[in-house]
Structure formats: structure tokens, C-alpha cells
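Each residue takes its place number in the sequence, starting with 1. Only this structure's heavy atoms are used, side chains among them; waters, hydrogens and symmetry mates stay out. Atoms within each ligand, like the ligands themselves, are counted from 1 in listed order.
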Amino acid sequence: MPHTGLITLEQFIVDQQSLYKESRGSLSRIFRSLELAAKVVNRDVRKAGLVDILGNHGSTNTHGEDQKKLDVIANEVFIAALSKSGEVAVIISEENDDPVFIEGCENEKYIIAIDPLDGSSNIDVNASIGTIFSIYRRSNFAQPPTASDCMQKGKHQVAAGYIIYGSSTMLVYTTGLGVNGFTLDDSIQEFCLSHPSIQTPKDGKIFSVNEGNLQDFPDGIKRYVQYCKEKDKATNRPYGARYIGSLIADFHRNLLKGGIFMYPATEKMPNGKLRLLYECNPMAFIVEQAGGQASTGTGRILDLLPTNLHQRAPIYIGSSNMVDQCVQMLTEDDSLVNN
Ligand code: AHM
Ligand code: MG
């Protein structure tokens, strides 16, 4: 870990917010709530094997998936902490069908979209999982909030980030002034700046995709996966294949080392699997701020206008030259390629 002196997340955010003339400290208060919730969830994740919080909760979420006990706990903790911040009018969560409107905060400015515990199929096998968050400003906060307040393009995010509960716990975020990473020092229970000004390499050597679904991928993506595996010294191929099946863990590794993560559209899932508001958009904001790219295959993720709170989008995200190559192969005319 590079030595950067002891700068806590709280101090860093206060310093960054003072760069904005208009700042009233609202975002700092939201981050304080996110940080508190992250510490509580981290504590529960760390003792997941010791107490009876592993396994299914016995209910299903909005996508018909089993909810794990930890998913439910994390959802409750983040919603409770954010509600208490007094700055958030509405929360969209992967675990709730409808937006959660916060009582007494009808005229507050902020909207949060959150995946409280992403990669939850990995909980029982002790692999990294995480929390993803995205923050928007409401356009008209004189009126009580509605679901349509939340239908904003990703490029309007005010801030986005994730917490990875891995071999250490880290919080990585952006407010549009670059990307910074903070590692939780267990002994003092503070997130401390450990990865300042993260930049992702333009060219990487890792490709991450669920290759088990290859037969269902668009032809261009089949070609790109094949391209990743071909030998070519000039472009450092073959690339290494790395796929945990936990978006944050796969994304975080690629962000630091360089690489591409893909979750393509398939016939069965014409919009891919990952959710736009609380999975694709926050990651796209972070990767762009770190010098990378995120595409749906036909356009920039951050330009997609949501029409549904839980809508999905195909995603190709990571090192910018790799994303360019992938999108180029995806959109190449099949008839030309086959001739
Ligand atoms: P979840 O939100 O239900 O945990 O699902 C999202 C997860 C991502 O973390 C991961 O990238 C993806 O699902 C893996 O999907 P698959 O198992 O189809 O490869
Ligand atoms: Mg998820």
C-alpha cells in the first residue's frame, strides 16, 4: 500500500467538498451514513461463517431470486443509515420492488440507487462481495418525490462508489474529481486513503466474462473472446481469463490491473443481466473517471435513459483500448467477417 499519510475518508470528503462554493455539507452527511452502514455490514460479513446469517432468507426479491440473509440485513442497514442522514428523499434498492420514500425528507435533494450486497451467490463460499451506490440530485425538490425523479441518465450522477468486502475492506468512489480508494483499518475502524487518484491502464491483459454462456453471445462477442485467447506478442495476447462472478470483485481487479469485464446481451436475456441504475451506471462513472470506458455495445452506458427502475443493460467496461476493440468487433458486419 503506498504511503499517503493518514487521511481518513471523512477528512478527504470535507476537503473535496470545500472545493465547491455552493457546498452545504449534504454530500458529506450522506457519505458519513454510507460509511457507517459499510462498517456494520463489514462486521456482519466478517462473522458470516460464525453465526447463523449464511444461507437463504426464505423470501425472493423483485427479480425472483432467493434473498440471502445477509442481503436482507445489508438492505436494512443501508436504508436505515441513509434515512437518518436527513439528506435523502428516495432510495432505489435492488432488494425493493418500489422506491423507498423517506418520511420527513420529501423536500430533500438527493436520490440514492443501491445494490446493498452484490454478488451474493458468493457469500456461502467466502468469495468477495460488495455494496454499490449511486447518488443523483432531484431536479425539482420543491415537489414530493416520485419514481420518475429516478429516471435520470447515468451522466447526471453526482457521486458513485462501491465497498468491496474482500481480503481487506475498501471503499472506492468518485464525485467527478477522479477516483480514490480507502482501506478500512480495522484497529481504528476508519477508512484511510490507500489508493489516491486511481487511473486504469489503457491496455489490459485480463478478460472477464461468463464463458459458460458463450454459445448465446452475439457473434461479435464470440469473435472477441476468441481474439482474447489468440497468441500475438505485439498485443500481449493471449490475455488472462479471470471471472469471480461478483461484479465488484471482477471490476475492482480490472480497474487496478487493466482489463475488460463483459456481460453481453443473450437471446434469453436481451438486455444482459446487470441492472442499469445500481450496477452499470455507478461502475461506468467510476471507470470513466479513472480513464477507462463503459459501453452497452451500441453507446455509452452513461447516456442510456432509464425507463424502468430495475432495467438491465449489456455492459462492456474497463481499459479503454480493450473496450474499443470489443465494441468494434461486436458491431462489425457479420457478413463481411464471414466472407
Ligand atoms: P446479484 O446482484 O444478484 O448478486 O447478481 C449480479 C451478479 C454480479 O455481481 C456478477 O457480475 C453477475 O451477477 C454474475 O452473473 P453470472 O453468474 O451469470 O455470471
Ligand atoms: Mg447485484
Side-chain angles (χ1 to χ4, degrees), residues 38 41 45 48 54-57 59-75 77-79 91-97 112-134 154 160-166 172 206-218 221 225 241-255 259-284 286-287 294 296 301 306 308-318:
V41 171
V45 167
L54 279 171
N56 286 343
H57 184 248
S59 57
T60 50
N61 69 7
T62 181
H63 314 288
E65 302 153 339
D66 284 337
Q67 283 183 306
K68 302 282 180 178
K69 283 185 186 175
L70 263 175
D71 299 20
V72 177
I73 295 167
N75 194 37
V77 169
F78 273 95
I79 290 179
I91 300 171
I92 314 300
S93 165
E94 176 173 338
E95 302 298 336
N96 295 88
D97 293 359
I112 313 274
I114 188 160
D115 184 348
L117 211 59
D118 183 67
S120 49
S121 63
N122 280 312
I123 296 172
D124 292 357
V125 295
N126 209 358
S128 299
I129 46 180
T131 299
I132 311 173
F133 60 89
S134 162
Y162 58 85
I163 298 125
I164 176 166
Y165 311 102
V172 176
I206 297 171
F207 73 105
S208 309
V209 67
N210 187 342
E211 235 187 304
N213 298 330
L214 188 83
Q215 291 313 315
D216 293 333
F217 289 168
I221 296 302
V225 170
R242 296 283 184 279
Y243 190 75
I244 297 171
S246 187
L247 171 64
I248 298 180
D250 283 311
F251 177 88
H252 183 70
R253 179 202 53 240
N254 290 3
L255 181 74
I260 183 167
F261 174 93
M262 302 172 264
Y263 212 108
T266 63
E267 222 170 271
K268 260 204 301 201
M269 301 189 111
N271 293 314
K273 177 181 182 189
L274 299 182
R275 271 55 68 117
L276 179 62
L277 283 181
Y278 40 79
E279 291 176 332
C280 301
N281 275 339
M283 296 310 185
I286 292 167
V287 89
T296 60
I301 290 274
N308 176 314
L309 291 181
H310 298 286
Q311 92 184 52
R312 301 170 194 267
I315 187 164
Y316 305 94
I317 184 167

Between Phe133 and Phe78, is the ring centroid distance below 6.0 Å? no

For Ser120, the atoms of ligand 1 under 4.0 Å from one of its heavy atoms are 4 (O)

Worked check of side chain to side chain contact (heavy atoms under 4.5 Å, CB included) between Tyr162 and Asp118: CA-CA 10 Å; Tyr162 58 85; Asp118 183 67; over 6 Å; no

Check for a donor-acceptor pair, side chain of Ser246 on one end and backbone N or O of Ser128 on the other, with a separation under 3.5 Å. yes

Taking only heavy atoms of Asp115 into account, list the atoms of ligand 1 that are under 4.0 Å away from them. 2 (O)

Enumerated ligand 1 atoms positioned under 4.0 Å from heavy atoms of Tyr243: 14 (C), 15 (O), 16 (P), 19 (O)

Check: Tyr165 and Thr131 side chains under 4.5 Å, non-hydrogen atoms: yes

Between the main-chain N or O of Arg242 and the side-chain N or O of Arg253, is there a donor-acceptor pair closer than 3.5 Å? yes

Sub-3.5 Å donor-acceptor pair from the side chain of Asp250 to the main-chain atoms of Ile244, do we have one? yes

Using a 3.5 Å cut-off on N or O atoms only, is Ser246 in polar contact with ligand 1? no

Exam field: side chain His310 to backbone Asp97, donor-acceptor pair closer than 3.5 Å: yes

Can you name the atoms of ligand 1, numbered from 1 with element, that are less than 4.0 Å from a heavy atom of Glu94? 1 (P), 2 (O), 3 (O)

Tell me whether the count of non-hydrogen atoms from other residues, nucleotides or ligands lying under 6.0 Å of CG in Asn210 goes above 12. yes

As an exercise, identify every atom of ligand 1 less than 4.0 angstrom from a heavy atom of Asn210. 16 (P), 18 (O), 19 (O)

For Gly245, the ligand 1 atoms whose distance to one of its heavy atoms is below 4.0 Å: 9 (O), 10 (C), 14 (C)

Within the structure, does Asn213 bring an N/O atom to less than 3.5 angstrom of an N/O atom in ligand 1? no

Quick check: does Leu117 get an N/O under 3.5 Å from an N/O on ligand 1? no

How close do Pro314 and Ala265 get, counting heavy atoms only, and between which atoms? CB-N, 3.8 Å

Taking all atoms of both residues into account, what is the closest heavy-atom pair of Phe261 and Asn254, and its distance? N-ND2, 3.8 Å

Going by the atom numbers of ligand 1, which of them fall below 4.0 Å from some non-hydrogen atom of Phe261? 11 (O)

For the residue pair Pro282 and Leu276, what are the closest heavy atoms and their distance? CD-O, 4.1 Å

For ligand 1, which atoms, with element, lie under 4.0 Å from some heavy atom of Lys273? 5 (O), 7 (C), 12 (C), 13 (O), 14 (C), 15 (O), 16 (P), 17 (O), 18 (O)

Considering both backbone and side-chain atoms of Leu247, is one of its nitrogen or oxygen atoms within less than 3.5 Å of a nitrogen or oxygen in ligand 1? yes

Result, protein N, O or S atoms below 2.8 Å from the Mg ion (ligand 2), excl. waters, equals 4

For Pro116, is there any backbone N or O sitting under 3.5 Å from a side-chain donor or acceptor partner on Asp71? no

